[in-house]
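Notes follow once the structure below has been shown.
So you know, we letter chains A, B, ... as the sequences are listed, proteins then strands, and number each from 1. The structure displayed is predicted, hence computed values, not measured ones.
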Number of protein chains: 2
Amino acid sequence: MATPNLDVFQVIADPSRRQILQMLTKDSYNINYIAENFEMSRPAVSKHISILQSAGFITISDQGRERYCSLSQDGFIELRNWIDYFDAFWRSKLKTLESVMNKKSKNSNPSKK
Amino acid sequence: MATPNLDVFQVIADPSRRQILQMLTKDSYNINYIAENFEMSRPAVSKHISILQSAGFITISDQGRERYCSLSQDGFIELRNWIDYFDAFWRSKLKTLESVMNKKSKNSNPSKK
DNA sequence: CATATATGTAACTTTTAGGTTACGAATATA
DNA sequence: TATATTCGTAACCTAAAAGTTACATATATG
């Protein structure tokens, strides 16, 4: 199973991978345990894990023949940065709207003259 | 071109669609104008626009034969909610770490007795 | 009215993500 | 040492996203 190199957006596009991330908010689990909680085969889950790791969403620590997976912040940060960019857009848009509103209220209420 | 119904994660997984969203932070544009800024054919862009709209990332206002696209907050909010969930995870993890550190420093420094 | 422009959509092809089974390597255990 | 367990990977198949071209429709414009 060749593991394609996907960016963070493509990585979280898959529902199974998002579900794995959800699982890992509870605890660290080895790969077989994670696979037991999915309908698909173990190699399929193994591939998802590999993809999650290379995109920086999880880290893996080897303990004997087992490999324990934990969440890693890196991938999430990259996503958050993208979202934040658009958040800034909305905020500046709101600000523009407010200043337009202020101007209008001034014009519609010319107290002097 | 059948437009598949994709969730917000799948929608932003495509680089071209993210690029379109970036464009729309500058201004509103009609579909042909957007298409001119891409290598791919106009119908391909048209399909991306349709996907972005049905996922709540953009709104479209008809003006005669033209259709102007603007950013819509809905899709972004859905994404942000997902990220926020994991942000809460990191914060609580940090908190746990802090309390562990506090306990340790207490134990390693038994001032009384 | 005739023509140009903006757009949607149907039909089709190609690429690839995501799944499978089969196998091998490394480690734990009896 | 023999066996069971954990995991990775190669080879392969399938479904669907993402692109294309061709065509139809609606609106603007001369």
Side-chain angles (χ1 to χ4, degrees), chain A residues 1-24 27-70 75 79, chain B residues 1-24 27-70 75 79:
Chain A
M1 255 189 173
T3 63
N5 216 20
L6 309 175
D7 63 49
V8 290
F9 302 96
Q10 291 172 309
V11 168
I12 61 156
D14 186 277
S16 303
R17 287 196 284 266
R18 292 201 303 276
Q19 208 176 328
I20 291 174
L21 293 178
Q22 286 283 343
M23 267 191 78
L24 294 176
D27 203 350
S28 270
Y29 303 111
N30 66 17
I31 294 178
N32 263 13
Y33 180 83
I34 295 173
E36 282 166 12
N37 287 268
F38 285 84
E39 293 295 317
M40 74 187 88
S41 69
R42 184 194 52 77
V45 171
S46 177
K47 184 179 153 193
H48 282 310
I49 302 264
S50 166
I51 289 171
L52 285 168
Q53 183 191 28
S54 51
F57 284 99
I58 65 172
T59 55
I60 304 182
S61 76
D62 293 22
Q63 284 176 234
R65 65 186 166 189
E66 293 174 271
R67 312 191 72 207
Y68 278 85
C69 307
S70 320
L79 274 180
Chain B
M1 257 190 171
T3 63
N5 216 20
L6 307 174
D7 62 51
V8 289
F9 301 97
Q10 292 173 307
V11 168
I12 62 157
D14 187 278
S16 303
R17 286 195 286 264
R18 291 201 301 277
Q19 209 177 325
I20 292 173
L21 294 178
Q22 286 283 343
M23 268 191 76
L24 295 176
D27 203 350
S28 269
Y29 303 110
N30 67 17
I31 294 178
N32 264 13
Y33 180 84
I34 295 173
E36 281 166 14
N37 287 268
F38 285 84
E39 293 296 315
M40 74 188 91
S41 68
R42 184 195 52 78
V45 172
S46 175
K47 183 178 151 193
H48 282 309
I49 303 263
S50 165
I51 290 171
L52 285 168
Q53 183 190 28
S54 50
F57 284 96
I58 66 172
T59 55
I60 303 181
S61 76
D62 294 23
Q63 283 176 234
R65 64 186 168 189
E66 294 175 89
R67 311 191 72 206
Y68 279 85
C69 306
S70 320
L79 274 179

Exercise for review: Map Asn32(B) and Ala13(A) onto DNA chain C by nearest heavy atom, then report which one ends up closer to the 5' terminus.
Suggested key: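 Final value for this comparison: Asn32(B).
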**Study point:** 5' priority, DNA chain C, between Met40(A) and Ser46(B) [closest heavy atom]
**Key:**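 So the residue in question is Ser46(B).
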To the nearest Å, give me how far apart [atom1] ([X]) and [atom2] ([N]) are.
X        : N       : atom1 : atom2 : result
Ile49(A) : dA17(C) : CD1   : C1'   : 17 Å
Tyr68(A) : dT6(D)  : OH    : C1'   : 11 Å
Glu66(A) : dA4(D)  : CD    : P     : 18 Å

Practice item. May I have all residue pairs that pass salt bridge (Lys or Arg N to Asp or Glu O under 4.0 Å) and include part of residues 3-17 of chain A, sequence neighbours excluded? Key: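 Those involving residues 3-17 of chain A are Asp7(A)-Arg18(B).
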Exercise for review: Using heavy atoms and a sub-4.0 Å distance, could you list which residues of residues 54-62 of chain A are near DNA chain C? By number, please.
Suggested key: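 Nucleic-acid contacts, sorted: none.
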Review point. Of the nucleotides dA18(D), dC7(D), dT20(D), which has the atom closest to the Ala44(B) side chain?
Key: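 Nearest to the side chain of Ala44(B) among the choices is dT20(D).
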Review point. Can any side-chain N or O of Ser28(B) pair as donor or acceptor with the backbone N or O of Cys69(B) at less than 3.5 Å?
Key: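 Indeed, once roles are kept as given, a pair shorter than 3.5 Å links the two residues.
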Review point. What does nucleotides 22-30 of chain D look like as a protein-contact string, B for base, S for sugar-phosphate only, - for none, at under 4.0 angstrom between heavy atoms?
Key: B----BS--
Check your understanding: Ignoring hydrogens and angles, does a donor from either the side chain of Lys47(B) or the base of dG8(C) sit under 3.5 Å from an acceptor on the other?
Key ->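 Not at all, since no donor on one side and acceptor on the other fall under 3.5 Å apart.
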Check your understanding: Under 4.0 Å: is that the gap between some side-chain N or O of His48(B) and OP1 or OP2 of dG19(D)?
Key ->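 True: His48(B) side-chain N/O within range (under 4.0 Å) of dG19(D) OP1/OP2.
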Check your understanding: With a 3.5 Å cut-off and no angle check, do the side chains of Ser70(A) and Thr59(A) form a donor-acceptor pair?
Key ->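 Not at all, the side chains of Ser70(A) and Thr59(A) share no donor-acceptor pair under 3.5 Å.
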